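See below for the structure under consideration.
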Amino acid sequence: MKNIGDISFNGKRVLIRVDFNVPLDENFKITDDSRIVAAIPTIKKIIDEGGKAIIISHLGRPKSGYEERFSLKHIVSYLSSILKTNVAFNDDCIGKNTANVVSKMNNGEVLLLENLRFYKEEKLGDKLFAKKLSELADVYVNDAFGTAHRAHASTAIIAQFFPNNKYFGLLLEKEITSLEVVLKNPKKPFTAIIGGAKITGKIDVILSLLDKVDNLIIGGGMAYTFAKAAGGNIGNSLVEEEKISLAKELIDLAKVKGVNLCLPRDSVNANKFDNSAKTNTSEITNISDGWIGLDIGEKSIRDFSEIISASKTIIWNGPMGVFEMSNFEKGTKKIANAICKATQMGAYSLVGGGDSVAAIKKFGLANKVSYISTGGGAMLEYLEGKLLPGVDAILS
Ligand code: AMP
């Protein structure tokens, strides 16, 4: 792997693509700093060695051009406080003025450039825009795993302008290594837990996991489409009608491939989508009309926990219920606990995807799993066996 371990950065201008796409509240306060924290080792290594760190990132989804709420200026003071050094900010990411500011940087200094996505060329993967960015630096380091599955100008296209000076940052390297543990040498039994709202978006990963895992646990909103496929009554629970036949096919495919596909047996239901709703528990295939399944029930928790505790490799993407509401968080919390216990007993556990990560943090268990990925979509695509453009661009 082309990592930065052996590179000397002294005096070099280093363009570091990070993923500082962090959630901000209405006062522009960072509500989850994980992505910033994860990028620190790479930035520190570069400045400690006397490199000039020119940091580029996107933030949010600006429509066209500058939008105050998506300015990376909101990140500067926080970044400065955790790096324990001054961070300068430039209100553009390309152009003469930017080049001028970069030319005045001293060794070991940090400069954060404005949001790349204020230029539509970034997402379009525009070559000229990538070239302009590349002209700011001698070396390119990609540490943005969260966007490694996108062929954007700053994540993939830019690498061609650094044929002999392009590297993975420490975070990206760690992400790939963790995924490789799971893909190449998983200790058996290997269990995947897939939850979240919908099957759509996770079909490809489910299909590819069926070739790899011993157990595939399905929870969350998507489980109700499977329950309906099995002929059940699911009341007003989330359902993707057009995916019912696919759910049937997946059940059959799992049988053919000898994978233990575990669906929830029971469901905690609510009479409205609200934390204060009346609740009951029923078989997942026998939910009364008008009721909505919002969490897995005790029997499912027991079934799933048993499988998890016997597993030696575990991946988890997507919550088991609407964990954001305290009355429907129990299934997700218990499954998170089971994963942590299995990890304590020697299993390797990898958790990824915005919501499962948010859940595991909410329950204070983040340091009890083997690895938390900073990329949801990127992690799923890597597990599907796809080559990520951001990774490929460094390797090729
Ligand atoms: P995803 O982005 O597909 O991983 O979905 C995550 C979201 O799924 C979370 O916000 C959960 O609240 C939601 N979710 C989980 N279980 C259910 C359910 N039974 N009904 C509706 N939404 C759910």
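Small disclaimer: the values here were computed from a predicted structure and weren't measured. Counting convention: from 1, in listed order, for ligands and their atoms alike.
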Sub-4.0 Å atoms of ligand 1 with respect to non-hydrogen atoms of [X]:
X: Tyr224; answer: 19 (N)
X: Gly293; answer: 18 (C), 19 (N), 20 (N)
X: Gly196; answer: 1 (P), 3 (O), 4 (O), 5 (O), 6 (C), 8 (O)
X: Gly220; answer: 16 (N), 19 (N)

So for atom NZ, which belongs to Lys341, do other residues, nucleotides or ligands contribute more than 12 heavy atoms lying within a distance under 6.0 Å?
no
Parallel, tilted or perpendicular: ring planes of Phe363 versus Phe323, cut at 30 and 60 degrees:
perpendicular
Between [Y] and [X], does any NZ, NE, NH1 or NH2 come within less than 4.0 Å of an OD or OE carboxylate oxygen?
X: Asp138; Y: Lys52; answer: no
X: Lys299; Y: Asp266; answer: no
X: Arg17; Y: Asp143; answer: no

Can an N or O of Pro319 be found at a distance shorter than 3.5 Å from an N or O of ligand 1?
no
Any N/O pair Lys202/ligand 1 closer than 3.5 Å:
yes
Using heavy-atom distances only, which candidate in Thr332, Asp355, Thr200 approaches atom 2 (O) of ligand 1 most closely?
Asp355
Decide whether the shortest distance between a heavy atom of Gly353 and an atom of ligand 1 is less than 4.0 Å.
no
